Novice: 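Got a structure for you, written out below as structure tokens; questions coming shortly.
Small disclaimer: the values here were computed from a predicted structure and weren't measured.
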Amino acid sequence: PIATNRPPPGPSSSVSRASARMAGITPIPASISTDANLPLSLGVPALALGIGGTSAGEHSLDESYDDGTDGWRAVQWAALVAVSYVGLMP
């Protein structure tokens, strides 16, 4: 999901969605608690990107994560977002 607590999409959301499409991912906007909430609360644009995998027992001693067969897509998506911001992609 693309996590945000700001309903109107901004430039960072547009870059994220375009990068997701390039990586073969269909982004699903969601309001969830992430580390992006702090900068967002201060008015600083921020995104939390995630894809695939199955998690269980979050924030407990039994927490686990399995990235399944598409876990590599999250890394590709994040890299595409990063290179878009530094001007290496149109």
Side-chain angles (χ1 to χ4, degrees):
I2 301 173
T4 179
N5 65 4
R6 306 246 190 257
S12 58
S13 183
S14 298
V15 167
S16 176
R17 285 192 310 271
S19 298
R21 285 191 299 272
M22 292 177 72
I25 296 168
T26 302
I28 303 168
S31 291
I32 58 175
S33 179
T34 73
D35 290 340
N37 289 345
L38 177 60
L40 287 170
S41 72
L42 299 172
V44 177
L47 292 170
L49 307 177
I51 179 67
T54 304
S55 61
E58 289 84 351
H59 309 295
S60 75
L61 294 175
D62 295 321
E63 184 171 354
S64 65
Y65 177 77
D66 179 0
D67 66 358
T69 59
D70 289 332
W72 60 273
R73 289 186 186 270
V75 177
Q76 184 180 37
W77 184 10
L80 288 168
V81 169
V83 297
S84 294
Y85 276 110
V86 296
L88 297 176
M89 296 187 57

Novice: Say you draw a straight line from CH2 of Trp77 to CD1 of Ile25; how long is it, rounded to the nearest 0.5 Å?
Specialist: 5.5 Å
Novice: Looking at residues at least two apart in the chain, or sitting in another chain, which of them share a side chain to side chain donor-acceptor pair (under 3.5 Å) with Glu58?
Specialist: Ser55
Novice: Specify the closest pair of heavy atoms between Ala46 and Pro39, including all atoms of both residues, with the distance to one decimal.
Specialist: CB-CG, 3.7 Å
Novice: Give the minimum heavy-atom separation between Leu47 and Ser16, together with the two atoms involved.
Specialist: CD1-CB, 3.5 Å
Novice: What heavy-atom pair brings Ser84 and Leu80 nearest, and what distance separates the two atoms?
Specialist: OG-O, 2.8 Å
Novice: Please name the pair of heavy atoms, one in Ala23 and one in Arg73, separated by the smallest distance, quoted to 0.1 Å.
Specialist: O-NH1, 2.6 Å
Novice: Are Asp70 and Trp72 close enough that some pair of their side-chain heavy atoms sits under 4.5 Å apart?
Specialist: yes
Novice: What residues form a side-chain contact (heavy atoms from CB on, under 4.5 Å) with Leu38, not counting sequence neighbours?
Specialist: Ser41, Leu42
Novice: Nearest 0.5 Å, what's the OG-CE distance between Ser19 and Met22?
Specialist: 6.5 Å
